[in-house]
Amino acid sequence: MSPVTFLCRLDAGGTLAHLGAMLDDIQFLDDATRPQPPQLEGLTEAQRAPGQHLKMIHDHLRSNMASLGKLIERASAGTVSPEEISAETGDLAMVTNYRRFGNLCGQHCMIVNTHHSIEDYAIFPALAEQGEAFKAIADRLRAEHVVVHELLERLVAALNTLAADPTRAHFEDAKGVYEALERVLLSHLGYEEDAMGDALGYFGIGV
C-alpha cells in the first residue's frame, strides 16, 4: 500500500480514535519498503554540514510535537479555548509552514550558507536529478509529506473540537490522531535525514 493509497483510506473511513490501529499496515513505516540511498564515499565535513542543519531543523519539529501533546492535555482539562488553540498552533513552524508550502520545513527548511530552499519545490527536484535511486527517494519523501499533512490538519481540527467540548470521547479522538502523527512524523524525519542528508552537501543541493 502506498502512502497516497493510505491517504484515501483516511478520507474514506475510520474514526479519529482508530487512526493508530489503521497505521499498523502502512508500508512506509517499514524501512524495508523505502528506497535506500547509494553509498556516498569520501564526504568532507563541509559536505556533511547541510545534513546536520537538516537534523537540527528536524529536532525543532520534534519539539513541536511535544507542544502539541501539551495542548491536548490542556484542552482536555478545559483550560484552553478554541481561539487559543488556533493562535498557538499557528505559532508552530510545522503547522504554519505545512499549510503555506505543503511540506515539513517550509521556506526555512534548508538553511545552508544563508541560502533558503523549499523541499518540495527545490530540494526534491534537485535530488531527483542525481539518478534513479535518488529520484525514487524524492518521490517517496514527497508522498510521505502528503500523509503527514493530512494527519497534521486532522490533529488541529481534533484539538479545536476538544477545546470547544472537552469530553472524554473528544480527548481520545485527539490523542489518537496525535499518536498517529507522532509515529508517522518521527519515522519520516529519520528516513529523510538518512536518505538525503549526505546527498545535500555531496551534490551541492541548496548550497
Side-chain angles (χ1 to χ4, degrees), residues 1-7 23 25-67 92-152 180-207:
M1 180 185 301
S2 70
V4 175
T5 300
F6 170 69
L7 183 58
L23 288 176
D25 64 352
I26 299 179
Q27 292 183 8
F28 75 70
L29 290 175
D30 179 0
D31 282 337
T33 72
R34 284 168 160 155
Q36 296 303 305
Q39 187 69 30
L40 301 175
E41 302 290 347
L43 275 84
T44 66
E45 286 303 309
Q47 289 174 322
R48 293 186 187 280
Q52 294 167 353
H53 278 278
L54 179 65
K55 184 179 183 304
M56 289 173 59
I57 293 168
H58 282 180
D59 285 343
H60 181 62
L61 300 181
R62 294 178 180 105
S63 176
N64 279 186
M65 284 302 299
S67 297
L92 293 177
M94 65 185 295
V95 177
T96 301
N97 288 330
Y98 228 134
R99 285 174 169 169
R100 290 177 63 193
F101 299 106
N103 63 40
L104 286 174
C105 302
Q107 67 181 149
H108 300 295
C109 183
M110 291 306 305
I111 304 174
V112 184
N113 294 338
T114 70
H115 178 85
H116 293 188
S117 297
I118 303 173
E119 280 187 348
D120 283 337
Y121 303 106
I123 299 299
F124 290 165
L127 185 67
E129 292 175 356
Q130 309 310 318
E132 286 302 314
F134 287 108
K135 181 180 184 303
I137 289 169
D139 288 345
R140 179 59 169 262
L141 291 172
R142 190 180 292 108
E144 292 187 11
H145 278 185
V146 174
V147 180
V148 176
H149 185 204
E150 172 69 11
L151 288 170
L152 186 61
L181 175 61
E182 182 179 51
R183 183 177 173 193
V184 169
L185 179 63
L186 296 185
S187 178
H188 170 77
L189 294 180
Y191 172 57
E192 188 168 270
E193 290 164 7
D194 292 341
M196 77 173 192
D198 286 347
L200 296 175
Y202 189 84
F203 295 114
I205 298 172
V207 175

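FYI, the numbering just counts along the sequence from 1.
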**OP:** Apply side chain to side chain contact (heavy atoms under 4.5 Å, CB included) to the pair Leu189 and Lys55, showing each step before the final yes or no.
**Re:** CA-CA 8 Å; Leu189 294 180; Lys55 184 179 183 304; over 6 Å; no
Rounded to the nearest 0.5 Å, what separates atom [atom1] in [X] from atom [atom2] in [Y]?
X: His149; Y: Leu181; atom1: NE2; atom2: CG; value: 11.5 Å
X: Tyr191; Y: Gln36; atom1: OH; atom2: CD; value: 6.0 Å
X: Leu151; Y: Glu182; atom1: CG; atom2: CD; value: 12.0 Å
X: Asp198; Y: Leu40; atom1: CG; atom2: CG; value: 6.0 Å

Just jot down the side chain to side chain contact (heavy atoms under 4.5 Å, CB included) partners of [X], sequence neighbours excluded, or say none.
X: Glu129; value: none
X: Ala136; value: Pro35
X: Pro38; value: Ala133, Phe134
X: Asn64; value: His60, Leu61, Leu92, Ala93, Met94

**OP:** Specify the closest pair of heavy atoms between Ala199 and Ile205, including all atoms of both residues, with the distance to one decimal.
**Re:** O-CD1, 4.2 Å
Original post:
Who pairs with Arg62 by salt bridge (charged side-chain N to carboxylate O under 4.0 Å, His left out), at least two apart in sequence or on another chain?
Top reply: Asp59, Glu193
**OP:** Decide yes or no for Pro37 and Ile137: does some side-chain heavy atom of the first lie under 4.5 Å from some side-chain heavy atom of the second?
**Re:** yes
Original post:
Can you find a heavy atom in the side chain of Ile123 that is under 4.5 Å from one in the side chain of Met196?
Top reply: yes
Original post:
Does Gln130 reach the main-chain N or O of Ala126 with its side chain, forming a donor-acceptor pair under 3.5 Å?
Top reply: yes
**OP:** Run the numbers on Arg34 and Glu144 for side chain to side chain contact (heavy atoms under 4.5 Å, CB included), then give the verdict.
**Re:** CA-CA 11 Å; Arg34 284 168 160 155; Glu144 292 187 11; 3.1 Å; yes
